[in-house]
Amino acid sequence: MTSIGLDVPKNVTCEQVLDVRHWTDALFSFRLSRPASFRFRSGEFVMLGLMVDGRPLLRAYSVASPAWDDGLDFYSIIAPNGPLTSRLQRISPGDEVLLGKKPTGTLVLDALTPAKRLYLFSTGTGVAPFASLLREPETYEKFDEVVLTHTCRAVADLAYSEMLVDGLKDDPLVGDTAPGAVRYYATVTREEYARTGRITDLIVNRKLFDDLDLPALDREHDRVMICGSAAMLADTKALVEAAGLVEGSNAQPGDFVIERAFAG
Ligand code: A2P
């Protein structure tokens, strides 16, 4: 057990690690205690990290649990030579982690105008903010149907989102509504799998819509959130804009919002 103690900077609190789960050699998730003062909206991110050589080393992490949960879940890649994640991967229950006091972000329901259907396009650890939103009751008050797409290089990298979607039926708040509203569309790009290909290609060739028996994206019925690498964001955003959707923000709600999946 490590104790950070007196050196904690003013912009963070020191939280207990409650649980850690390793999904693959490069992917793990963990749960932290949540201070009573910590308020956030489902889908937001926060700075998180460790003291390294007497200084805080912090990176942005999406909260992967909903705003009503009394703990805070996070999902992380272990970046090769990543200054933070190479250390963070070794945490265990009882250790302490630094948590920023000011969550923020654009992947929030407030940034979208209402519509029939919500698409959540994610790659890799970009699924984390959607883990929060899928367990948020307001998601189902605002949208009749929610399509989660998750694309990873390998089949094993899908384990986290499979668990997430499978667990919705047992969720205390959305257990009745989510299973009937959520469509899960998992694809893999570097191994054999039931569905293969980048989500961008599956939008262009319409396979995503054909497989789910849905019409092509349109501004009247569809809203979109996108979370992945910088390249994935740029390519997916271009397709969503080509379909006529307009980017929204906290200040001006619109048809779609994007956020980078952080790693480091
Ligand atoms: P690919 O294997 O074809 O690169 P990464 O781990 O590099 O972030 O990738 C996670 C997933 O996102 C991979 O399946 C990868 O496919 C896919 N991906 C990477 N770049 C893009 C992009 N520009 N548009 C859509 N999907 C992408």
Side-chain angles (χ1 to χ4, degrees), residues 21-30 43 45 48 59-64 74-86 88-89 105-107 118-134 147-165 183-212 214 216-217 222-243 245 247 255-264:
R21 186 157 175 189
H22 287 263
W23 298 87
T24 67
D25 287 351
L27 293 166
F28 71 112
S29 60
F30 52 97
F45 66 86
L48 182 157
R59 294 283 183 270
Y61 271 87
S62 291
V63 183
F74 299 93
Y75 180 49
S76 181
I77 194 162
I78 301 168
N81 305 315
L84 178 61
T85 59
S86 62
L88 201 58
Q89 67 168 312
T106 55
L107 298 182
L118 175 63
Y119 282 93
L120 304 172
F121 292 128
S122 68
T123 55
T125 57
V127 76
F130 302 150
S132 173
L133 285 158
L134 285 173
V147 179
L148 171 70
T149 81
H150 191 204
T151 304
C152 295
R153 295 181 184 195
V155 178
D157 302 341
L158 293 171
Y160 184 81
S161 61
E162 284 169 357
M163 178 238 34
L164 160 73
V165 172
R183 318 272 309 264
Y184 175 53
Y185 194 84
T187 79
V188 161
T189 51
R190 301 198 189 186
E191 285 181 355
E192 293 296 312
Y193 187 59
R195 291 197 175 111
T196 56
R198 290 183 171 194
I199 195 61
T200 41
D201 294 335
L202 299 167
I203 292 172
V204 170
N205 67 19
R206 303 178 55 100
K207 189 166 186 325
L208 165 68
F209 308 106
D210 290 345
D211 284 347
L212 297 178
L214 291 172
L217 284 177
D222 299 322
R223 297 294 172 265
V224 174
M225 292 186 176
I226 313 169
C227 191
S229 63
M232 179 274 195
L233 292 185
D235 292 351
T236 314
K237 175 179 168 168
L239 294 176
V240 169
E241 285 183 328
L245 279 71
E247 189 165 1
D255 308 324
F256 77 93
V257 282
I258 67 174
E259 199 128 83
R260 198 177 148 75
F262 317 99

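When a ligand or atom number is given, it counts from 1 through the structure's own listing order. Since we're looking at a predicted model, the values are computed, not measured.
- Listed by chain and residue number, the protein contacts of ligand 1 are T123, T151, C152, R153, T189, R190, R198, T200, A231, M232, D235 (heavy atom within 4.0 angstrom).
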Distance-only donor-acceptor pairs under 3.5 Å for side chains of residues 154-163, two or more places apart:
residue: D157; atom: OD2; partner: A154; partner atom: N; Å: 3.3
residue: S161; atom: OG; partner: H150; partner atom: ND1; Å: 2.7
residue: S161; atom: OG; partner: L158; partner atom: O; Å: 3.1
residue: S161; atom: OG; partner: Y184; partner atom: OH; Å: 2.6

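- No donor-acceptor distance shorter than 3.5 angstrom exists from the side chain of T200 to the backbone of T236, with no hydrogens or angles considered.
- Not a single donor-acceptor pair under 3.5 Å links the side chain of T125 to the backbone N or O of I77.
- The ring-ring contact (aromatic ring centres under 6.0 Å, His included) search around Y185 returns none, not counting sequence neighbours.
- Of the residues F121, F45, F130, the one that meets the side chain to side chain contact (heavy atoms under 4.5 Å, CB included) test with C227 is F130.
- The salt bridge (charged side-chain N to carboxylate O under 4.0 Å, His left out) check on D211 picks up R195, K207, with sequence neighbours excluded.
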